[in-house]
2 protein chains.
Amino acid sequence: MRNKTTSFDIAYQAGVSQSTVSRALSGNPLVSKETRARIQAIAKELNYKVDKNASNLRTQTSNTIALLLFEDVTVDDSNINPFFLSMLGSITKACAEAKYDLLVSFQQMNDDWYAEYEDCHKADGLILLGYGDYLTYAQKLAHLIDQKTHFVLWGAGDKSLDAITIRCDNKQGGFAITQHLIEQGRRHIAFIGEASDATPELLERYQGYCQALKDNGLTPNKKLHVDAKITELSGYEATKELLARNEKVDAIFTACDLMAIGAMRAIKDKQLVVGKDIAVVGYDDISVAQFTNPPLTTVRQDTNIAGQLLVKNLIDLIKGNDVSNSIIEPRLMIRQSCGKA
Amino acid sequence: MRNKTTSFDIAYQAGVSQSTVSRALSGNPLVSKETRARIQAIAKELNYKVDKNASNLRTQTSNTIALLLFEDVTVDDSNINPFFLSMLGSITKACAEAKYDLLVSFQQMNDDWYAEYEDCHKADGLILLGYGDYLTYAQKLAHLIDQKTHFVLWGAGDKSLDAITIRCDNKQGGFAITQHLIEQGRRHIAFIGEASDATPELLERYQGYCQALKDNGLTPNKKLHVDAKITELSGYEATKELLARNEKVDAIFTACDLMAIGAMRAIKDKQLVVGKDIAVVGYDDISVAQFTNPPLTTVRQDTNIAGQLLVKNLIDLIKGNDVSNSIIEPRLMIRQSCGKA
DNA sequence: CTGAAAGCGCTTACAG
DNA sequence: CTGAAAGCGCTTACAG
């Protein structure tokens, strides 16, 4: 539609060659000061911007990072986990600071996802957030590695996988919050959430939980463990099932905050008091956690730091710098849902 | 690094010309069935993807939408308003469904923002979310229009501006929630939030508030109006100031939920009971609202619908279809903070 | 310090 | 139905 301004137009007006315009605008030091100034002035006046498709095609880069967000397909059509949304915000900021564009995409677990981006030359690298079944996921990752795609991973990640991971020390987090419950005098602590190889992050939290129990002379009780998906509703249903088992329960560690909110609702439905009859603790520290009733004791995974690290490490990877995995310290956020005043 | 597969490689293997490969893969109906099938098989085997930089350069399109998110620069470095985050989630989904890529960007209010995207041929159109001072913003918009940039706007937008806007009926929302407070027996209803031409959305909510008061024989009282920024902290401070004025206050309508959370905190600090001594209502229905203590009565702006409309209208605009403004119905979410049990 | 020219990988008239 | 060729708008060796 509109007549596009190109570097040739600028060159014509400035009375120089198009090559010189390109050099002047890209900051090539060979160009003389006056020439550069003149060209910049004209470019500004004509509202000229370098065509990224052309320059990217030429240089075979994109200055773009793609964020691939996987939500478990079993999850309903509702909202994205606020934890990821918060991460998304932090990643957006970090990309802006690093002068990279951010392409955001939701993915289902189809066969093609790993190829969609870098191979399209739309992104120089990938940030991967979330996954359905980790076992399936790991295979896709292996494929990405085969293709020498640049990517970094949040959360999961395994020793056998040669991929850069930024993760929370989930075992430590699970240990610390369970230890805290025990110190509050709780002895019959349930765990809600899937703890299997398909969900390594939750599994690690579970392992931390078991460790804390054992260190305190307590034995993990299978009957106090109920699987659940990463949703409020699933946490609610799992807790209902738990409470129907007629086992003694005085605390529940839910593997994430979303489930914890559901757990609290299930407890209230039973006319029990959260924090008194049953302590509830979660994981993530989503923004809602401080406003639940009672406010939720949980483990914070700092999304600001995580986002910055994901972006920084990915850019280092793209640039060929040395990069290593990063571990984020979990941080206990003691509020009232665990019985502490 | 890796040897990139191009359409010439496919052509060579298939024993056809590169043109035919391009046609086959782009769905051009001229290509014969067998040829197409053969080419597709080879492309899949070689994991070939069309280079978007090249095809976009050639066709002068991008199949990409850019989301520009403006946060008021006066806002601290904290988190993005969850309302926008939720919108971002919904827009991401809608773009994925429409097969558009989404480029996300945070913007400060610098001179160049309007030119950054479409002119770079990285995006076919823009979605604009948030703004600092609307008056400054409107000038930039005028410039965008001059440049015939395709864009849609959330929230604000004025009759004089020839831009497609998707917005909530803020006046109606402000009216309805104020009316509700009055029906609950509240008579001394304060308004917290800036209500000026610089913040048209909030101004409309304020106008709805005034209208409801007048319709019920009440007079808006200047002393019950305190300006505030769109943050929890600012809502907290504005409410402290309000309560220090020693005017009778039995309800507060804060112009957004973030402020409402701050307002509730300020009320509690004064040893007053939210929902009893002072009713509090907000606007937006961010996900936190249902978990505050007490749960916050507010006006929902449906971000799912909003995101879908923004994307749909923008795509129509890009395609040259007729597009008109959309108005989203505000929806009262009655919870306990307004005194209703 | 500057210019002429090649080429990044596609799409699409044009010719057959 | 298919191929040869031009060209999208840049960047960057190469030559001066």
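Residue numbers start from 1 in every chain, and the chains themselves are labelled A, B, ... in the order their sequence lines are given, proteins ahead of strands. No experiment lies behind these values; they were computed from the predicted model shown.
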For D:dC1, does either OP1 or OP2 sit under 4.0 Å from a side-chain N or O belonging to B:Thr35?
no
Any heavy-atom pair between the side chains of B:Ile10 and B:Ile39 that's under 4.5 Å?
yes
Comparing B:Ala54 with B:Gly15, nearest DNA chain D nucleotide closer to 5' gives the residue B:Gly15
Provide, to the nearest angstrom, the distance between the NZ atom belonging to B:Lys52 and the P atom belonging to D:dC10.
21 Å
Nearest-Å distance for atom pair CZ/P, residues B:Arg58 and D:dA6:
12 Å
Under 3.5 Å, side chain of A:Ser26 to main-chain N/O of A:Ser22, donor-acceptor pair present?
yes
If you compare every side-chain N and O of B:Thr59 against the phosphate oxygens of C:dT12 (OP1, OP2), does one of them come in below 4.0 Å?
no
Roughly how far apart, to the nearest Å, are C:dC14 and C:dC10 at atom P?
23 Å
Partner nucleotide of C:dA4 by Watson-Crick or wobble geometry (both distances under 3.5 Å):
none
If you compare every side-chain N and O of A:Ser7 against the phosphate oxygens of D:dC10 (OP1, OP2), does one of them come in below 4.0 Å?
yes
Show your working on side-chain contact (heavy atoms from CB on, under 4.5 Å) between B:Ile65 and B:Asp124 and close with a plain yes or no.
CA-CA 6 Å; B:Ile65 287 172; B:Asp124 298 329; 5.9 Å; no
Can you tell me if B:Ser32 touches the phosphate of D:dC1, counting only side-chain N or O atoms and a distance under 4.0 Å to OP1 or OP2?
no
Under 3.5 Å, is there a donor-acceptor pair between the side chain of B:Thr149 and the main chain of B:Ile145?
no
Can you tell me the distance, in whole Å, between the CD atom of A:Gln18 and the C1' atom of C:dG7?
13 Å
Selection from D:dT11, C:dC14, C:dT2 that lies nearest to any side-chain heavy atom of A:Arg23
C:dT2
With a 4.0 Å cut-off on heavy atoms, is A:Ser19 in touch with a base, just the backbone sugar-phosphate, or nothing at all?
base
Nearest heavy-atom contact between B:Gln40 and B:Ala24 is NE2-O, 4.4 Å
By the 4.0 Å heavy-atom rule, please label B:Ser26 as base, sugar-phosphate, or nothing.
nothing
Please tell me which of the listed nucleotides, C:dG9, D:dT11, C:dA4, lies nearest to the side chain of A:Ser22?
D:dT11
Just N and O in the side chain of A:Ser55: are any of them under 4.0 Å from OP1 or OP2 of D:dC10?
no
Nearest-Å distance once atom C1' is located in both D:dT12 and D:dG16:
16 Å
Distance in angstrom units between A:Gln60 CD and C:dC10 P, rounded
9 Å
Between B:Asn56 and B:Lys52, is there a donor-acceptor pair closer than 3.5 Å when you use the side chain of the first and the backbone of the second?
yes
Figure out the CG/P separation between B:Asn53 and D:dT11, and round it to whole Å.
12 Å
Starting from P on D:dC8, measure out to CG on A:Leu57 and report it in whole angstrom.
13 Å
Looking at D:dA13, which nucleotide sits across from it as a Watson-Crick or G-U wobble partner, both distances under 3.5 angstrom, or is there none?
none
Nearest-Å distance for atom pair CG/P, residues A:Leu25 and D:dG9:
16 Å
Whole angstroms only, please: what is the CG-P distance between B:Asn63 and C:dT11?
12 Å
